[in-house]
Every structure is written in C-alpha cells, then in structure tokens.
Amino acid sequence: MFGASPTAAGVVVTPRTAMECSPVHCAVQLIAEAIGSLPLPVYSVASDGAKTPDTSHPVHTLLHDAANDWTAAGDFREQVTRDALLYPHGGFAHIVRVEDKPAELIRIDPERTPVSVTYGDDNEPIYKIGAQEIDRSNLLHIPSPSLNGRGLVYEGREEIGRAITLDRHASRLFGNSARPSGILTLKGVQTPDSIAKVGAAWKAAHGAGKSGSTAVIPSEASFQSVTLSSVDAQFEELCQLAITNVARLFRVPPHMLFQMGRATFNNSETMGTVFLVYTLLPWIRRWESEIALKLFTSEERHNYVAKFDTRQFLRPDFPQLIEALSKAVASRIYNPNEARAELDKAGYADGDKFLNPAIESTNANKVLEA
C-alpha cells in the first residue's frame, strides 16, 4: 500500500501527510493554482495554421467556463493537477458524453474512488475502479511524472519525511519551552521557596506581553540572555536544505517556496519565464496532449486545438508593455484594437486596420497641407 512503510526518518509519508509539510504544500499549490488560473481557450485552425478563438465548440465551455454544473473550469484543472502531483497514478476525470460530444468533466476523488492502472502487452493502459474496467476514451488522465508509476510523493518520500521530521522537532522544541530566553542567577544559598518567589516576580514583571521593559535586578542576582548556538544555526541550515530538496523534487525555483537566501527581484519577467519553462511547461504539455487525445475526435484534431495562454508569465511591467505594444502596432503585428484588448480596453472605430500610426499620420498631414 502507498506510504505503508515509514521512511528512514521514521515518518509515514502519504499524500495527506505530505500536504501537512509547508514546503510541499507550497510547491503543490503553486503548480496546481497556476494551471487552474491560466486561460485555456479552444482555437479553430485554418489551413495556413492561423489560430482563431472558437467559443462555439462544446470543449471550450468545459475548459474555459465550467467543467460541470458544480465545478468551474479553473477549479477543476487545479484539483486534477493537485491529484497528479500527489497520488501514484495521477489525476483522473470522467468524461460524460451526450451524443458522442463531451458534455461534462467530473473529477474522480483518488481517496474515495482510486483508479488502478496496468499496462497490456502493447503498453496500452488498462484502467479499473475496483474490479470494473473503464473505457480509456472516457477517462481524462493527467499522469504523475514518476519513473516507477508510484508518483512524486512516493519517489520523494525520504526528502519529504526529513522535512516533516524537522517541522515536528521544531514544534516540540518550542511547544515544550525547551529553550528559555535567559537565565536568572541568584548568589548565595537559596531555598526552593526563595527561588520560586524570585521566578514568579520576574515573570510578573517581564513575562508574556511585557517584554522590552527595563529590568531591575537585585544586587544578589544576575541575568544572562540565551543566544543561538552553532547547533541552532545548523538546525536552521537543515531546514533550508529541506526546502531546497522539496523544490528540487517538484522542479520549482526555491525562491517561489519563499527560500529567499539567494533571491533577487531585479527582473520579475525573468522569474516568470523560469517558472513557466522549467516548472509549468511539462504540465501544460500533459494537459494539452490529453485534451487533444480524449476530447477531440481524430477529424477535429486537424481543425481545433486547446492551448494555454501563458502570456501573463511573460508580461513585462507597464512601461515596457506599452512600448512593446506600440512597436507591435507600428510593425503591423497588432492593429490598435488588438493592442487595446491586451490592456482590457474597448476598441474604437477603424481600429481594426493594420496601419503604422507614425507613417499614416505623416501622410495625412501632407495631404492637409497640400
């Protein structure tokens, strides 16, 4: 059974316990929420390869608006991607068809209804829920990127187990007040009663909510604060290493898990590109390939395609965006109304013409002068 045996750190790692580890939770949610938030429109493909958004195709509604009557399309993609990141065989959804057309996509909960996957002699996948075999054409499957078919969490259980152990150790340390903030030393021979009275008086004056006030110490007493030792520093380094290992497992840039030791913010566009190329693109490919295979017929694949719109990860800051759009209009890549649409602005009359405003305005002035 998945996660039945403990790791070397003595922790049993399952999808549920893995999500209790903050670096794992952050990495999984980062990828799943990104896939869920990216627009996923359907395009019709012309003979010359040009793509035009097509909202009339039924698949567009399932991917862009609502997967079913109770799940928004973005939430559906986020949930299935999360399943694929955590569970052995990935994320699954049942494709409900009406008159051979996809009408609903319903996520299959891997906890309540686990799907088993085996492979035939020709490497054809065989899906079963319990003893019942499911037609693969009616099952949307986003596989987990693992070599042995047991999932990322299983393959990275040792790294995750160490991170969980460090979190639990820190919780026990501070929960049991194992490290005092300082030591109050009394001179001379003291009785248990006198020690208790001094301790109670000190807590009353400088306890919770009263730290930072001026301490008045009797002449027969001295106070020494407890600072971080080399052992504490090594523990902190181990915690940072655990975050780095989890980031490596899920192929997420460490700074996106708030491991800020070497992070710089000079170029947000570059960071977005790194996340897109090295983390999201494999997941985007899995989704687009499975959609093409299961939601479009073999004839439709020549005329329709579903593609994620990733421009939000590549978008520069506002001044750079305005400059880029101006150059795109001037070079007739965009017309003015398309450029305005990038800024969520309404078009205007004659804004659909592909004209260079600088050249055209100059020619218009020459005509007026003549």
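All heavy atoms count here, side chains included; hydrogens, waters and symmetry mates do not. The model shown is predicted, which means the values in this text are computed figures rather than measured ones.
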**Study point:** Worked check of side chain to side chain contact (heavy atoms under 4.5 Å, CB included) between F275 and L30
**Key:** CA-CA 10 Å; F275 178 58; L30 183 67; 3.7 Å; yes
Interatomic distance, [X] atom [atom1] to [Y] atom [atom2] [nearest 0.5 angstrom]:
{"X": "E159", "Y": "I243", "atom1": "CD", "atom2": "CD1", "value": "14.5 Å"}
{"X": "F308", "Y": "L281", "atom1": "CZ", "atom2": "CG", "value": "11.0 Å"}
{"X": "L85", "Y": "I142", "atom1": "CG", "atom2": "CD1", "value": "11.0 Å"}
{"X": "L139", "Y": "E290", "atom1": "CG", "atom2": "CD", "value": "8.0 Å"}
{"X": "T81", "Y": "I35", "atom1": "OG1", "atom2": "CD1", "value": "5.5 Å"}
{"X": "I108", "Y": "H141", "atom1": "CD1", "atom2": "NE2", "value": "10.0 Å"}

Looking only at non-hydrogen atoms, find the nearest pair between [X] and [Y] and report the distance.
{"X": "G120", "Y": "I126", "result": "N-CD1, 4.2 Å"}
{"X": "W283", "Y": "P143", "result": "CZ3-O, 4.0 Å"}
{"X": "Y43", "Y": "P53", "result": "CD2-N, 3.5 Å"}
{"X": "K128", "Y": "A131", "result": "CD-O, 4.4 Å"}
{"X": "V252", "Y": "A27", "result": "CG2-CB, 4.3 Å"}
{"X": "V274", "Y": "P253", "result": "CG1-CG, 4.0 Å"}

Is it the case that the side chain of [X] and the backbone of [Y] share a donor-acceptor pair, with hydrogens and angles ignored and the cut-off at 3.5 Å?
{"X": "E338", "Y": "N335", "answer": "yes"}
{"X": "T279", "Y": "L276", "answer": "no"}
{"X": "S331", "Y": "A328", "answer": "yes"}
{"X": "R301", "Y": "L293", "answer": "yes"}
{"X": "R77", "Y": "L38", "answer": "yes"}
{"X": "S44", "Y": "D54", "answer": "no"}
{"X": "D135", "Y": "N138", "answer": "no"}
{"X": "T71", "Y": "A67", "answer": "no"}

Take atom [atom1] in [X]; do more than 12 heavy atoms of anything else shown fall under 6.0 Å from it?
{"X": "Y278", "atom1": "OH", "value": "no"}
{"X": "D100", "atom1": "CG", "value": "no"}
{"X": "D121", "atom1": "CG", "value": "no"}

Exercise for review: Verify the distance criterion only: is there a donor paired with an acceptor across the side chains of N337 and R340 at less than 3.5 Å?
Suggested key: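 Absent: no donor and acceptor within the cut-off.
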Practice item. Please check if any side-chain donor atom of H57 sits under 3.5 Å from a side-chain acceptor atom of E300, or the reverse. Key: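 Yes.
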Linking I/L/V/M/F/W/Y whenever their side-chain heavy atoms sit closer than 4.5 Å, directly or via other members, would [X] and [Y] fall into one cluster?
{"X": "V305", "Y": "I291", "value": "no"}
{"X": "F296", "Y": "I95", "value": "yes"}
{"X": "I106", "Y": "L63", "value": "no"}
{"X": "M19", "Y": "M256", "value": "yes"}
{"X": "I134", "Y": "Y119", "value": "yes"}

Review point. Hey, mind stepping through E111 and R16 against salt bridge (charged side-chain N to carboxylate O under 4.0 Å, His left out) and telling me if it holds?
Key: CA-CA 10 Å; E111 292 282 346; R16 286 186 175 274; 3.7 Å; yes
Is any side-chain heavy atom of [Y] closer than 4.5 Å to one of [X]?
{"X": "I164", "Y": "E20", "answer": "no"}
{"X": "L140", "Y": "V80", "answer": "no"}
{"X": "V115", "Y": "H89", "answer": "no"}
{"X": "F92", "Y": "T113", "answer": "no"}
{"X": "V59", "Y": "H64", "answer": "no"}
{"X": "R82", "Y": "Q29", "answer": "yes"}
{"X": "P88", "Y": "Y154", "answer": "no"}
{"X": "T310", "Y": "L280", "answer": "no"}

Review point. Please walk me through it: do L105 and L295 pass side chain to side chain contact (heavy atoms under 4.5 Å, CB included)?
Key: CA-CA 10 Å; L105 299 174; L295 299 184; 4.0 Å; yes
Check your understanding: Should the ring pair F76 and W287 be called parallel, tilted or perpendicular, given that the plane angle runs from 0 to 90° and is split at 30 and 60?
Key ->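 Judged by the thresholds at 30° and 60°, the geometry between F76 and W287 is perpendicular.
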Practice item. Before giving the answer on salt bridge (charged side-chain N to carboxylate O under 4.0 Å, His left out), spell out for E124 and R136 the whole-Å C-alpha distance, their side-chain angles and the decisive distance to 0.1 Å. Key: CA-CA 10 Å; E124 176 184 348; R136 68 177 184 277; 2.3 Å; yes
Exercise for review: For L241 and N245, run side chain to side chain contact (heavy atoms under 4.5 Å, CB included): C-alpha distance rounded to whole Å, both residues' side-chain angles, the deciding distance at 0.1 Å, then the answer.
Suggested key: CA-CA 6 Å; L241 178 62; N245 286 338; 3.8 Å; yes
